[in-house]
Number of protein chains: 2
Amino acid sequence: MTHSAPPAVPRFPVSVTVDLVIFTVRDDALHVLLVERGKEPFLGGSALPGGYVRPDEGLDEAALRELREETGLDGGRLHLEQLRSYGDPGRDPRGRVITVAYLALGPDLPAPVAGTDAARAFWAPVGEALRADSGLSFDHGAILADAVERARSKLEYTTVATSFCREPFTVSDLRHVYEVIWGIALDPSNFRRKVTRTAGFLEPTGERRTSETGRPAALYRFGGAAVMSPPLLRSGDIAGRGAGGGSGRG
Amino acid sequence: MTHSAPPAVPRFPVSVTVDLVIFTVRDDALHVLLVERGKEPFLGGSALPGGYVRPDEGLDEAALRELREETGLDGGRLHLEQLRSYGDPGRDPRGRVITVAYLALGPDLPAPVAGTDAARAFWAPVGEALRADSGLSFDHGAILADAVERARSKLEYTTVATSFCREPFTVSDLRHVYEVIWGIALDPSNFRRKVTRTAGFLEPTGERRTSETGRPAALYRFGGAAVMSPPLLRSGDIAGRGAGGGSGRG
DNA sequence: AGACTTTCTAGTCACCCTGACCATAATGGG
DNA sequence: CCCATTATGGTCAGGGTGACTAGAAAGTCT
């Protein structure tokens with residue numbers, strides 16, 4: 001306070017990375033794509049896929065590139081949004097590293113491609129990934145927890161749940177996404193009424209798919225609408241429920 | 001694709017800053033705190049307050065410090081949340097600068113303190129700040145637009161509107177915040193019913209305030225609840241309306 | 001083929017919330 | 001004392017929701 005001069009060190013060694021939380025619904029649980037780290041620090045530990053932002057690319061661009069590298073998918077029918085940035089000093093032992101976390105949602109994706117770091121990539125149930133706080137490197141446990149929270153709340157009032165379904169899909173496919181991520185059972189009839197009456201949510205294809213058992217279900221495509229209002233549930237507060245078998249976060 | 005080696009340049013010169021979008025409601029318009037830049041680039045232009053993140057502080061910490069420096073307020077009864085990060089190459093002519101934008105909401109704040117850069121700080125109606133795209137330096141026009149969008153949507157389903165009111169406040173004070181930011185008129189009776197019946201939103205103080213005219217209004221304090229469900233409006237989509245532009249509310 | 005199971009899909013109904021509206025209370029001013 | 005103004009309370013019809021019942025359309029088992 002003795003002098004009002006600006007800080008003497010406006011610039012110092014810092015790196016910027018993007019980290020991806022890639023979600024998909026497999027079987028009856030929400031899964032996240034993790035990589036086994038191939039170098040220090042945390043060699044052999046699990047972490048979110050990610051990498052350094054290059055000098056000539058923007059943040060979204062870098063996230064899209066990493067996504068393509070890890071999953072082989074171009075961000076076509078696949079949701080990608082910025083989640084939040086994390087930059088506590090000491091979050092990376094190598095030095096000051098600010099990371100911009102992205103959230104990606106996609107249908108049951110093909111077998112993960114080996115990352116550019118020659119690290120093994122695999123799908124892990126988020127419940128396990130969160131419970132094994134021992135497992136995730138850096139502050140990726142906290143990032144994952146924030147991502148789960150974001151995904152749960154976005155399902156309430158947007159149509160992103162369709163990003164988890166490969167087109168064409170049935171109403172039951174869509175309902176299954178909600179049930180897995182929220183960890184609750186939804187009434188099939190009421191769910192159908194809600195999503196079919198929400199303008200722009202579902203677009204009928206006219207075809208039907210005959211499953212192994214039961215009456216064949218009509219097939220739909222995503223209708224293009226972004227928001228759903230009023231929200232799907234009247235109750236609102238979905239947060240904190242057990243999805244994917246996780247006991248939740250502290 | 002010829003070789004799978006990692007990028008050769010993981011680290012390059014980059015700086016990290018925090019920029020603040022500080023909103024308040026003055027008179028009948030949403031205002032944002034801007035600074036007149038005291039040095040190049042954009043010398044003399046308007047910009048969001050902000051500054052470099054220091055080597056030893058986290059992002060939230062840096063935002064809190066900047067907020068204190070600019071407004072003289074410690075983040076007591078004042079909402080502060082991370083908005084988003086912006087890092088397009090070329091957004092800053094000085095080089096590669098990634099900025100983490102924060103959104104701050106506060107009651108009609110005291111006269112702005114001169115920034116540490118000896119730059120003049122002032123309140124500007126967001127309508128003007130956005131319209132005068134000529135005015136805002138860097139990509140701060142886009143950041144401001146995102147912040148307005150965030151503020152509008154958060155009013156729908158959270159209780160952050162109370163952050164704009166100095167305690168104790170009346171229901172009309174609170175309603176005025178919504179009307180200004182959304183640019184619509186709300187029915188006083190229905191608004192009261194909604195906010196008073198939402199558990200944890202308002203906490204009666206038992207006192208009343210007699211305004212210049214009309215029946216005295218009961219005074220309330222913030223009740224501590226974070227979310228409001230169902231949302232305040234049935235219609236939902238508030239985005240895209242003219243708020244704070246001074247063009248009047250319909 | 002017929003009964004059974006399973007899932008999809010269409011209704012019904014009571015309840016609550018909302019938005020529109022009317023009415024009354026409580027203050028200051030002419 | 002009437003009036004303007006704001007605060008606050010109440011009514012009422014309509015729509016959406018959750019709980020529930022019922023029928024439709026497939027496969028399976030005997």
Side-chain angles (χ1 to χ4, degrees), chain A residues 28 155-157 165 168-180 182 184-220 225 227-238 241, chain B residues 28 155-157 165 168-180 182 184-199 201-220 225 227-238 249-250:
Chain A
D28 290 327
L155 252 58
E156 289 192 66
Y157 60 96
C165 300
F169 54 86
T170 69
V171 174
S172 291
D173 292 338
L174 188 62
R175 179 166 49 86
H176 186 240
V177 169
Y178 282 89
E179 293 182 329
V180 163
W182 284 348
I184 60 175
L186 298 173
D187 183 88
S189 182
N190 292 336
F191 181 83
R192 150 174 297 275
R193 181 180 58 191
K194 174 70 181 185
V195 296
T196 53
R197 287 190 186 173
T198 297
F201 198 168
L202 296 187
E203 183 181 303
T205 66
E207 318 230 321
R208 0 186 101 254
R209 173 197 297 161
T210 166
S211 180
E212 41 191 28
T213 175
R215 175 177 172 177
L219 290 170
Y220 296 86
V227 298
M228 172 173 37
S229 103
L232 186 60
L233 289 191
R234 178 186 287 172
S235 51
D237 193 46
I238 281 294
R241 293 179 186 271
Chain B
D28 289 326
L155 252 58
E156 289 192 64
Y157 60 98
C165 300
F169 54 86
T170 69
V171 175
S172 292
D173 292 337
L174 187 63
R175 178 166 49 87
H176 186 241
V177 169
Y178 282 89
E179 293 182 329
V180 164
W182 283 349
I184 61 176
L186 297 174
D187 182 89
S189 182
N190 293 336
F191 180 83
R192 152 175 297 276
R193 181 180 58 194
K194 175 70 180 182
V195 296
T196 54
R197 287 190 185 174
T198 297
F201 198 169
L202 297 186
E203 182 181 303
T205 66
E207 318 229 321
R208 359 185 102 253
R209 173 197 297 161
T210 166
S211 179
E212 42 191 27
T213 174
R215 175 177 171 176
L219 290 171
Y220 296 86
V227 299
M228 172 173 38
S229 102
L232 186 60
L233 289 190
R234 178 186 290 172
S235 51
D237 192 45
I238 281 296
R249 39 184 162 129

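By convention in this document, chain letters (A, B, ...) are assigned in the order of the sequence lines, proteins followed by strands, and residues within each chain are numbered from 1.
DNA chain C is contacted by both Thr213(A) and Val171(A); Thr213(A) maps to the nucleotide lying nearer its 5′ end (nearest heavy atom per residue). For the pair Lys194(A) and Asp187(B), nearest-nucleotide mapping onto DNA chain D gives the more 5' position to Asp187(B).
Here dT17(D) presents its C1' atom at 14 Å from CD1 of Ile184(A), a figure rounded to the nearest Å. Taking atom CZ of residue Arg197(B) and atom P of nucleotide dG19(C), one finds them 13 Å apart after rounding to whole Å. Between the CZ atom of Arg215(B) and the P atom of dA23(C) there is a distance of 17 Å, given to the nearest Å. Atom CG of Asn190(B) is separated from atom P of dT11(D) by 14 Å (rounded to the nearest Å). Rounded to whole Å, the distance from CD on Glu212(B) to C1' on dA4(D) is 13 Å. Following rounding to the nearest Å, Leu174(A) (CG) and dC8(C) (P) show an atom-to-atom distance of 12 Å. In this structure, CG of Leu186(B) is placed 16 Å from P of dT6(D), rounded to the nearest angstrom. Atom CG of Leu233(A) is separated from atom P of dC16(C) by 18 Å (rounded to the nearest Å).
Two residues are said to be in side-chain contact when any heavy atoms from C-beta on lie closer than 4.5 Å; Phe191(B) and Leu174(B) meet this criterion. Side-chain atoms of Pro230(B) and Lys194(B), non-hydrogen and from C-beta on, do get closer than 4.5 Å to each other. Using a 4.5 Å heavy-atom threshold, the side chains of Asp173(A) and His176(A) count as separate. Side-chain contact between Leu232(B) and Trp182(B) is present, with heavy atoms from C-beta onward closer than 4.5 Å.
Distances were taken from every side-chain heavy atom of Arg193(B) (C-beta onward) to each of dC20(D), dA20(C), dG16(D); the shortest belongs to dA20(C). With distances taken from any side-chain atom of Pro230(A) to the nucleotides dC8(C), dA26(C), dT17(D), the minimum falls on dT17(D). Checking dC20(D), dC17(C), dA26(D) against every side-chain atom of Thr210(A), the shortest atom distance belongs to dA26(D).
In this structure, Arg175(B) reaches the sugar-phosphate backbone alone: every heavy-atom distance under 4.0 Å involves primed, P, OP1 or OP2 atoms, never a base. In this structure, Thr170(A) reaches neither bases nor backbone, as no heavy-atom distance under 4.0 Å exists between it and the strands shown. Within the nucleic acid shown, Arg209(A) has no heavy atom closer than 4.0 Å to any nucleic acid atom. Within the 4.0 angstrom heavy-atom criterion, no nucleotide atom of any strand lies near Ser211(B).
The minimum heavy-atom distance between Ala225(B) and Ala199(B), with the atom names listed, is CB-O, 3.6 Å.
Judged by atom type and distance alone, Ser189(A) reaches the base of dA10(C) through a side-chain donor-acceptor pair under 3.5 Å.
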